[in-house]
**Q** 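Would you mind keeping the following structure in view while I ask a few things?
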Amino acid sequence: MAPFRILSFDIECAGRKGLFPEPTHDPVIQIANLVTLQGSDRPLVQNVMTLKSCSPIVGVDVMSFDTERDVLLAWRDFIREIDPDIIIGYNICKFDLPYLLERAEVLKIAEFPILGRIRNSRVRVRDATFSSRQYGVRESKEITIEGRVQFDLLQAVQRDHKLSSYSLNSVSAHFLGEQKEDVHHSIISDLQNGTAETRRRLAVYCLKDAYLPQRLLDKLMYIYNYVEMARVTGVPISFLLSRGQSIKVLSQLLRKAKQKYLVIPNIKGQGSASDTFEGATVLEAKAGYYEKPIATLDFASLYPSIMMAYNLCYCTLVTPEDARRLNLPPESVNKTPSNETFVKPEVQKGILPEILEELIAARKRAKADLKEAKDPFERAVLDGRQLALKISANSVYGFTGATVGQLPCLEISSSVTSYGRQMIEHTKKIVEEKFTTTAGYEHNAEVVYGDTDSVMVQFGVPTVDAAMNLGREAADFISGTFTKPIKLEFEKVYFPYLLISKKRYAGLYWTNPEKFDKMDTKGIETVRRDNCLLVKNLVTESLHKILIDRDVPGASQYVKNTISDLLMNRIDLSLLVITKGLTKTGDNYAVKAAHVELAERMRKRDAATAPNVGDRVPYVIINAAKGAKAYERSEDPIYVLENNIPIDPQYYLDNQISKPILRIFDPILPNARKELLQGSHTRALSKSTPSNSGIMKFAKKQLSCLGCKAVISGSNQTLCSHCKGREAELYCKTVGNVSELESLFGRLWTQCQECQGSLHQDVLCTSRDCPIFYRRRKAQKDMAEAKLQLDRWNF
DNA sequence: AGCTTGCTGAATACACACCTATTGC
DNA sequence: CTGCACGAATAAAGCAATAGGTGTGTATTCAGCAAGCT
């Protein structure tokens, strides 16, 4: 089969006003295109279609047009000529494609929206909302272009990766290690209305936006992964981006049922969303810091293997009524712990177990092939396949328990979890009964924690090697007590292990006794996205010092230094940005929350840049009157930066840092609270910049002495009478300060120029995801202030 | 007049239920 | 074959758990004031 032809594109339009640029006013001014063949990194075509003249770009076909109509029609012809199989871009489904179509409509270009592979078939657009517990609410548009797959990288990344920000800039930085500049929409108009040279600048920017999605597609192996997934589950690729998990399971069910001449009922509005079933057992966490190795035993694909072992399926379920009618002998049925009856495979083999068997067997083959494969291309294919199979297997159980889904069957899902609960309890019991001193082992084993399909065991032995051997022995022994194919596996050892509570722990992860693989953290601030970076870094660094370096005093000192920096206002604003997802529209919230209120406020300020449902809202907490609620104190970081609003360090200490740090240090450091949060380092408070709101509005600004800050009056504008003699020294200090800030600003500026790919042009970027941006802006402000001070010497 | 006492409303503290976000498996 | 009006259905894996914030009701503390006493 010929490789796919992939088109990546991006558009720029002038003057975005309002939420969506106004199609009646704002013309499309540029379209950048990049065509590649799948698996090749050499572009087939690179071009830019622009309105008005544009200076040439090396290696790029620049096409200038006089009217917007010509631009749009040129693009349509280009699509037809290139005939791409796959159209990609960033946010093309919600922005670029619908915008082009609406714009064509406004300009009455009826012949524009014929882009598909069916003759004379028009492209159709429909509003679509997708909502699921897993992905939240997402608004998008469904665009039908027959014969071409649209693959929006934004949608794919949002589904597959949990990130704090999904801007193209931040996603590229994360996966490709390279940033792009973020240009504010007002500047786009200026560049377009400038000269051929500034339009060239815009074209380069636009091209980069087409270039990055292509790189992401490649790097994340999306084609392989999604094509494999589509093949395995039997759904179109578009479903994988626009629909949920359940359609995949349903599709497999239908395929299998057809082979067996079975039909699947079309159930409507049966199970209500309120009826639910009991889930898995989470064993009580014996919280603490363990300095002996903890072995972890895991069931391999627990729920799928339960469904296979006990033949759980729609077609093997025996309802009480069936039981009376059929009068089955007890030896031909299984009774589940939740008191449901299913026939054994000898009577009737279930469809679900068959689907699962195939998925798991195929995954095993894929994994084995993966091990053999050396060629990176082949490895990518096989890894994509095994991942797809794993995910498919895991969502079969969820499908049966989805009461608002197409085919709920709580008898199956509650049986699965009831077996699971029984099994984890059984495992815990066996481990603690078998591995005892009375049975000849060195120590009594103790299960310190376990969740759903795993148990964490402290065998009491001091070395990783010994723990591994006992872990393997236990796994083999216990596996033997279960029905096939249920299997308990020894997977890893944690040493040392910090158990904070259920679903929250950290430890060093060992799979071979010589060296640990990594530091593993679960559920704590290091992996959560609703904390500011400062907390994340602080916790990560502390754990690193405690677990890897075994340096508790060092960790403690590090925490103290950070707290001191925070209270002295020496922390970079980008580290204090908290982000939270906006999960529903403003008025659907029952209580006021910081990010929701801020989103509303931002909408009033400028609807174009305000966050929408499904977006993540970044904010910082600013200083305010005592007793003000957090939702009154949240503010957009860029707004804070632009208006010099003081943040509230005390809030960050009390509400962000203190509890997570104490949770970590409490089991390790006696008197952690006193030591870390109440020491002398917490007393050095720097005065924050007075804000121009509230009471400070009435305060009159007076000059103060540059030497001692005393208020001065009269003719002397620089120094008070006391400091008069130190004139030379203080002047040098001011000059030194200015030059230091200038060089800092210069360095940051250069860094941004490098990022934008040119050292000869102005930096336009205002990316709220980039730490350098915040530092550059701050340096600029500080520098301006220092210069003002310097000016006062020249009276 | 100056002090104490008792009352009252406001401010504060605290426990509790509930909502929201997020993660683990 | 296309465009338009109208109506109906659409689709959504699961539960367990922690933590932070808001709102509410109740208890406690405190400042301010008037009355009473010396």
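Please read these numbers as outputs of a predicted model, since none were measured by experiment. Every chain is numbered from 1 and lettered A, B, ... according to where its sequence line falls, protein lines coming before strand lines.
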**Q** Quick one: is C:dA12 close enough that its OP1 or OP2 comes under 4.0 Å of any side-chain N or O from A:Ser132?
**A** no

**Q** Base, sugar-phosphate, or nothing: which does A:Arg243 touch, judged by heavy atoms less than 4.0 Å apart?
**A**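 The answer is sugar-phosphate, as A:Arg243 gets under 4.0 Å only of primed atoms, P, OP1 or OP2.
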
**Q** A:Tyr505 and A:Tyr497: aromatic ring centres closer than 6.0 Å?
**A**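 Yes, the ring of A:Tyr505 comes within the 6.0 Å limit of the ring of A:Tyr497, centre to centre.
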
**Q** Sequence neighbours excluded, which residues qualify as side chain to side chain contact (heavy atoms under 4.5 Å, CB included) partners of A:Arg122?
**A** A:Ala110, A:Pro113, A:Ile114

**Q** Within the 4.0 Å heavy-atom criterion, would you say A:Ser413 contacts the bases, only the backbone, or no part of the nucleic acid?
**A**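 Result for A:Ser413 = nothing.
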
**Q** Contact boundaries of DNA chain B with chain A (under 4.0 Å, heavy atoms), 5' to 3'?
**A**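 It runs B:dC19 to B:dC25.
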
**Q** Can we say A:Arg231 and A:Glu228 salt-bridge, meaning some charged N sits less than 4.0 Å from an Asp/Glu carboxylate O?
**A**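 Result for this pair is yes, salt bridge flagged.
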
**Q** Send over the distance from A:Glu425 CD to C:dA16 P, rounded to a whole Å.
**A** 14 Å

**Q** Examine C:dA12: is either OP1 or OP2 under 4.0 Å from a nitrogen or oxygen in the side chain of A:Ser131? Give yes or no.
**A** no

**Q** May I have the list of side-chain donor-acceptor pairs in residues 239-252 of chain A shorter than 3.5 Å, sequence neighbours left out?
**A**
from, atom 1, to, atom 2, distance (Å)
A:Ser242, OG, A:Ser238, O, 2.9
A:Gln245, OE1, A:Lys248, NZ, 3.4
A:Ser246, OG, A:Gln406, OE1, 3.3
A:Ser251, OG, A:Thr233, O, 2.5
A:Ser251, OG, A:Gly234, O, 3.1
A:Gln252, NE2, A:Lys248, O, 3.2

**Q** Under the 6.0 Å and 45° cation-pi test, does A:Arg159 pair with A:Phe130?
**A** yes

**Q** Looking at every non-hydrogen atom in both residues, tell me the closest pair between A:Cys313 and A:Ile412 and how far apart they are.
**A** C-CD1, 3.5 Å

**Q** For the helix from B:dA1-C:dT38 to B:dC25-C:dG14, what angle separates the axis at the start from the axis at the finish, each from five pairs, in steps of 10°?
**A**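 Comparing the axis at each end, I get an angle of 20°.
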
**Q** Could you give the CG-to-C1' distance, from A:Asp127 to C:dA11, as a whole number of Å?
**A** 16 Å

**Q** Touch check for A:Tyr135, heavy atoms < 4.0 angstrom, all strands: base, sugar-phosphate only, or nothing?
**A**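 A:Tyr135: no heavy atom of the nucleic acid under 4.0 Å.
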
**Q** Under 4.0 Å, heavy atoms only, any strand: does A:Val527 hit a base, just the sugar-phosphate, or nothing?
**A**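 Sugar-phosphate contact only.
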
**Q** For a quick check of understanding: with a heavy-atom distance under 4.0 Å over all strands, which category does A:Thr583 fall into, base, sugar-phosphate or nothing?
**A**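 It contacts sugar-phosphate atoms only.
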
**Q** In whole Å, what is the span from the CZ atom of A:Arg133 to the C1' atom of C:dG14?
**A** 7 Å

**Q** Side chains of A:Ser121 and A:Glu146: any donor to acceptor distance under 3.5 Å?
**A** yes

**Q** List, one per line, each side-chain donor-acceptor pair under 3.5 Å for residues 534-543 of chain A, sequence neighbours excluded.
**A**
from, atom 1, to, atom 2, distance (Å)
A:Thr540, OG1, A:Lys536, O, 2.6
A:Ser542, OG, A:Leu538, O, 2.7

**Q** Using a 4.0 Å cut-off on heavy atoms, which residues in residues 300-307 of chain A reach DNA chain C? List them by number, or say none.
**A** none

**Q** Could you tell me whether A:Gly398 contacts a base, only the sugar-phosphate backbone, or nothing, with contacts defined as non-hydrogen atoms closer than 4.0 Å?
**A**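 A:Gly398: base contact, heavy atoms under 4.0 Å.
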
**Q** Side chains of A:Tyr589 and A:Thr583: any donor to acceptor distance under 3.5 Å?
**A**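 On atom types as modelled, these side chains qualify, holding a pair under 3.5 Å.
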
**Q** Check side chain to side chain contact (heavy atoms under 4.5 Å, CB included) between A:Glu278 and all other residues, then give those that pass, not counting sequence neighbours.
**A** A:Arg421

**Q** So do the side chains of A:Arg504 and A:Arg528 get within less than 4.5 Å of each other, counting heavy atoms only?
**A**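 SC-SC contact between A:Arg504 and A:Arg528 confirmed.
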
**Q** Tell me every residue that passes ring pair (Phe, Tyr, Trp, His ring centres under 6.0 Å) with A:Tyr303, counting only those two or more places apart in sequence or in another chain.
**A**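 A:Tyr303 satisfies ring pair (Phe, Tyr, Trp, His ring centres under 6.0 Å) with A:Tyr397 only.
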
**Q** Check every strand shown and say whether A:Phe239 touches a base, only sugar-phosphate, or nothing at a heavy-atom separation below 4.0 Å.
**A**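 Touches nothing.
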
**Q** Supply the atom-to-atom distance A:Asp451 CG to A:Lys502 NZ, rounded to the nearest 0.5 angstrom.
**A** 9.0 Å

**Q** When you check the phosphate oxygens OP1 and OP2 of C:dA12, does a side-chain N or O of A:Gln134 lie under 4.0 Å from one of them?
**A** no

**Q** Pairing check on C:dG7: which nucleotide meets the Watson-Crick or G-U wobble criteria with it, both distances under 3.5 Å?
**A**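 Answer to the pairing question: none, since C:dG7 forms no Watson-Crick or G-U pair.
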
**Q** Applying side chain to side chain donor-acceptor pair (under 3.5 Å), can you list everything that pairs with A:Asp520, at least two apart in sequence or on another chain?
**A**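 Expected list: A:Tyr494.
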
**Q** Summarise protein proximity over nucleotides 1-8 of chain C in one line of letters, 5' to 3': B for base, S for sugar-phosphate only, - for none, counting protein heavy atoms closer than 4.0 Å.
**A** --------

**Q** Inspect the contact between A:Glu632 and A:Arg601 and indicate whether a charged nitrogen and a carboxylate oxygen are less than 4.0 angstrom apart.
**A**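 The answer is no: the pair does not qualify as a salt bridge.
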
**Q** Who passes salt bridge (charged side-chain N to carboxylate O under 4.0 Å, His left out) against A:Lys580, sequence neighbours left out?
**A** none

**Q** Could you write out each protein N or O paired with an N or O of nucleotides 17-24 of chain C at a distance under 3.5 Å?
**A**
from, atom 1, to, atom 2, distance (Å)
C:dA17, OP1, A:Lys502, NZ, 3.1
C:dG21, OP1, A:Tyr651, OH, 2.6
C:dG21, OP2, A:Asn655, ND2, 3.3
C:dT22, OP1, A:Ala630, N, 3.2
C:dT22, OP1, A:Tyr631, N, 3.3

**Q** Between atom CD1 in A:Ile247 and atom P in C:dA12, what is the gap in whole Å?
**A**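 Going from CD1 in A:Ile247 over to P in C:dA12 covers 6 Å.
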
**Q** Any salt bridge linking A:Lys286 with A:Glu446? Criterion: basic side-chain nitrogen under 4.0 Å from a carboxylate oxygen.
**A** yes

